[in-house]
J.: 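Please find one structure pasted underneath; my questions will follow.
Residue numbers begin at 1 in each chain, while the letters A, B, ... track the order of the sequences.
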Protein chains: 2
Amino acid sequence: MKPLEASQCCGPIDELLDADLFKALGEPTRLKLLSCLAKCGRPCSVTELAECCAVDFSVVSRHLNVLEKVGVLTATKEGRTVFYAVKYRHLSNAFHAIASEIESYRPKRRSAKT
Amino acid sequence: MKPLEASQCCGPIDELLDADLFKALGEPTRLKLLSCLAKCGRPCSVTELAECCAVDFSVVSRHLNVLEKVGVLTATKEGRTVFYAVKYRHLSNAFHAIASEIESYRPKRRSAKT
DNA sequence: CACATACTTGCATGCCCGTGCAAACATACG
DNA sequence: CGTATGTTTGCACGGGCATGCAAGTATGTG
């Protein structure tokens with residue numbers, strides 16, 4: 001029996017499922033920061049975003065850096081201020097692609113409800 | 001200046017961004033298990049899935065349990081064997097919803113490319 | 001130059017969690 | 001029953017990471 005033989009090799013889904021991205025989003029404080037920034041709809045400074053959550057602003061700075069590293073945010077320095085902004089299109093495209101890819105793997109026939 | 005006032009309260013995006021889900025997917029071994037199971041296209045046992053990755057099968061058991069807890073997989077016991085299966089629709093719907101929600105927050109005008 | 005503002009970085013602490021091994025548990029089979 | 005198979009659980013270990021504080025860097029202001 002070789003049930004998983006086809007699963008051993010890589011496929012489109014392996015390219016899309018980025019552990020670092022999920023890990024970055026899997027932290028409540030970071031997720032809150034992303035949520036705040038998304039709802040804000042404009043670039044915000046580290047100090048501004050630090051008001052969103054009850055942690056030291058140095059922690060916020062580190063979190064924002066992590067989110068930027070995984071491609072969720074962009075960082076733009078203006079003078080002594082760093083503005084972070086959500087990469088809306090990149091994010092929505094990524095999640096949409098994941099959704100489509102997963103859907104494509106769903107057995108369409110002779111299968112119990114999944 | 002009250003730049004984040006509208007961001008302080010909860011919105012649809014806060015309901016969709018589930019830290020536990022992302023945390024569960026943010027672990028390489030778990031992600032691999034999900035990928036294998038998705039590509040397999042049918043329910044698999046713990047022992048089968050343990051062949052996918054180079055960790056002890058007890059670890060696999062725990063990982064699968066985590067993925068089930070967050071609603072990514074279903075567990076069905078048949079005799080002494082437990083079959084795990086991907087909740088395709090639930091997953092694709094979740095990611096699609098996240099993508100749409102993020103897209104909805106994207107400023108449509110007078111904004112630099114995001 | 002002195003000082004304030006905005007942010008980053010070094011360091012120490014504590015906690016969470018992934019891991020492997022062994023034992024326990026559950027179920028099927030003679 | 002006793003044994004084999006499939007899975008879960010208890011336990012201990014180790015590494016990674018979120019956190020806060022303090023010091024350092026960068027930039028603007030007077």
Side-chain angles (χ1 to χ4, degrees), chain A residues 1-4 17-37 40 42-70 72-86, chain B residues 1-4 17-37 40 42-70 72-86:
Chain A
M1 176 170 52
K2 303 176 182 176
L4 297 175
L17 295 180
D18 181 0
D20 290 328
L21 171 63
F22 289 128
K23 189 179 296 179
L25 298 178
E27 211 285 317
T29 305
R30 276 196 290 266
L31 210 52
K32 175 105 182 182
L33 286 169
L34 172 61
S35 166
C36 278
L37 200 49
C40 194
R42 60 167 180 78
C44 290
S45 69
V46 177
T47 306
E48 271 181 310
L49 287 165
E51 300 171 8
C52 281
C53 37
V55 295
D56 194 86
F57 70 98
S58 69
V59 174
V60 172
S61 175
R62 272 186 264 252
H63 280 320
L64 293 172
N65 194 40
V66 169
L67 290 173
E68 192 220 342
K69 287 262 177 62
V70 297
V72 168
L73 306 180
T74 59
T76 309
K77 187 164 187 177
E78 288 186 15
R80 55 190 170 189
T81 305
V82 177
F83 287 99
Y84 282 93
V86 178
Chain B
M1 176 168 53
K2 303 173 181 176
L4 297 175
L17 296 179
D18 182 359
D20 289 328
L21 171 63
F22 289 128
K23 191 179 296 182
L25 298 178
E27 211 285 316
T29 305
R30 276 196 291 265
L31 211 51
K32 175 109 182 182
L33 287 169
L34 172 61
S35 165
C36 278
L37 200 50
C40 195
R42 61 166 179 79
C44 291
S45 69
V46 177
T47 306
E48 271 181 310
L49 287 166
E51 301 170 6
C52 281
C53 38
V55 294
D56 195 85
F57 68 97
S58 69
V59 174
V60 172
S61 175
R62 272 186 263 254
H63 280 320
L64 293 172
N65 194 40
V66 170
L67 290 173
E68 191 221 341
K69 287 262 179 63
V70 298
V72 168
L73 306 179
T74 60
T76 310
K77 187 164 187 177
E78 287 184 17
R80 55 190 168 190
T81 304
V82 177
F83 288 98
Y84 282 93
V86 178

J.: Just call it for Tyr84(A): base, sugar-phosphate, or nothing, with non-hydrogen atoms closer than 4.0 Å on any strand.
T.: sugar-phosphate
J.: Give Ser58(B) one of three labels, base, sugar-phosphate or nothing, depending on what nucleic acid heavy atoms sit under 4.0 Å from its own.
T.: base
J.: Take N1-N3 plus N6-O4 or O6-N4 for Watson-Crick, N1-O2 plus O6-N3 for G-U, both under 3.5 Å. Which runs of 3 or more such pairs involve DNA chain D?
T.: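 For DNA chain D the paired stretches long enough to count as stems (3 pairs minimum) are C:1-30 with D:1-30.
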J.: Side chains of Val86(A) and Leu73(A), heavy atoms from C-beta outward: is any pair under 4.5 Å?
T.: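 Yes, side chains in contact.
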J.: To the nearest 0.5 Å, tell me how far Leu25(B) CG sits from Glu27(B) CD.
T.: 10.5 Å
J.: Please write out the pairs of protein N or O atoms and N or O atoms of nucleotides 13-19 of chain D separated by less than 3.5 Å, giving the distance to one decimal.
T.:
residue, atom, partner, partner atom, Å
dA18(D), OP1, Arg30(A), NH2, 2.9
dA18(D), OP2, Arg30(A), NH1, 3.4
dT19(D), OP1, Thr29(A), OG1, 3.1
dT19(D), OP2, His63(A), NE2, 2.4

J.: Tabulate atom names and distances for all N/O pairs under 3.5 angstrom spanning the protein and nucleotides 23-30 of chain D.
T.:
none

J.: I need the Cys52(B) SG to Leu34(B) CG distance, nearest 0.5 Å.
T.: 11.0 Å
J.: Considering only residues two or more places apart or on different chains, which pairs with a residue in residues 77-86 of chain B satisfy side-chain hydrogen bond (donor to acceptor under 3.5 Å, both in side chains)?
T.: none
J.: Would you give me the side-chain donor-acceptor pairs under 3.5 Å for residues 59-70 of chain A, sequence neighbours excluded?
T.:
residue, atom, partner, partner atom, Å
His63(A), ND1, Arg30(A), NH1, 3.2

J.: Which value, rounded to the nearest 0.5 Å, describes the distance between Leu37(A) atom CG and Arg42(A) atom CZ?
T.: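 It comes to 9.0 Å.
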J.: What's the shortest heavy-atom distance between Leu49(A) and Cys44(A), and which atoms?
T.: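 Scanning both residues, the minimum pair turns out to be CG-CB, 3.8 Å.
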J.: When the distance from CG of Asn65(B) to C1' of dT7(D) is rounded to whole Å, what number comes out?
T.: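 Spelled out: CG on Asn65(B) to C1' on dT7(D) is 11 Å.
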J.: Taking all heavy atoms of Phe83(A) and all of Ser45(A), pick out the closest pair and write down the distance.
T.: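 Heavy atoms of Phe83(A) and Ser45(A) come nearest at CD2-N, 3.8 Å.
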J.: For DNA chain C, note the earliest and the latest nucleotide, 5' to 3', having some atom under 4.0 Å of a heavy atom belonging to chain A.
T.: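 Contact span on the strand: dA4(C) to dC11(C).
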J.: Could you tell me which residues satisfy side chain to side chain donor-acceptor pair (under 3.5 Å) with Asp56(A), sequence neighbours excluded, listed by chain and number?
T.: Ser58(A)
J.: Look up atom SG in Cys53(B) and atom CG in Leu31(B), then write down how far apart they are to the nearest 0.5 Å.
T.: 11.5 Å
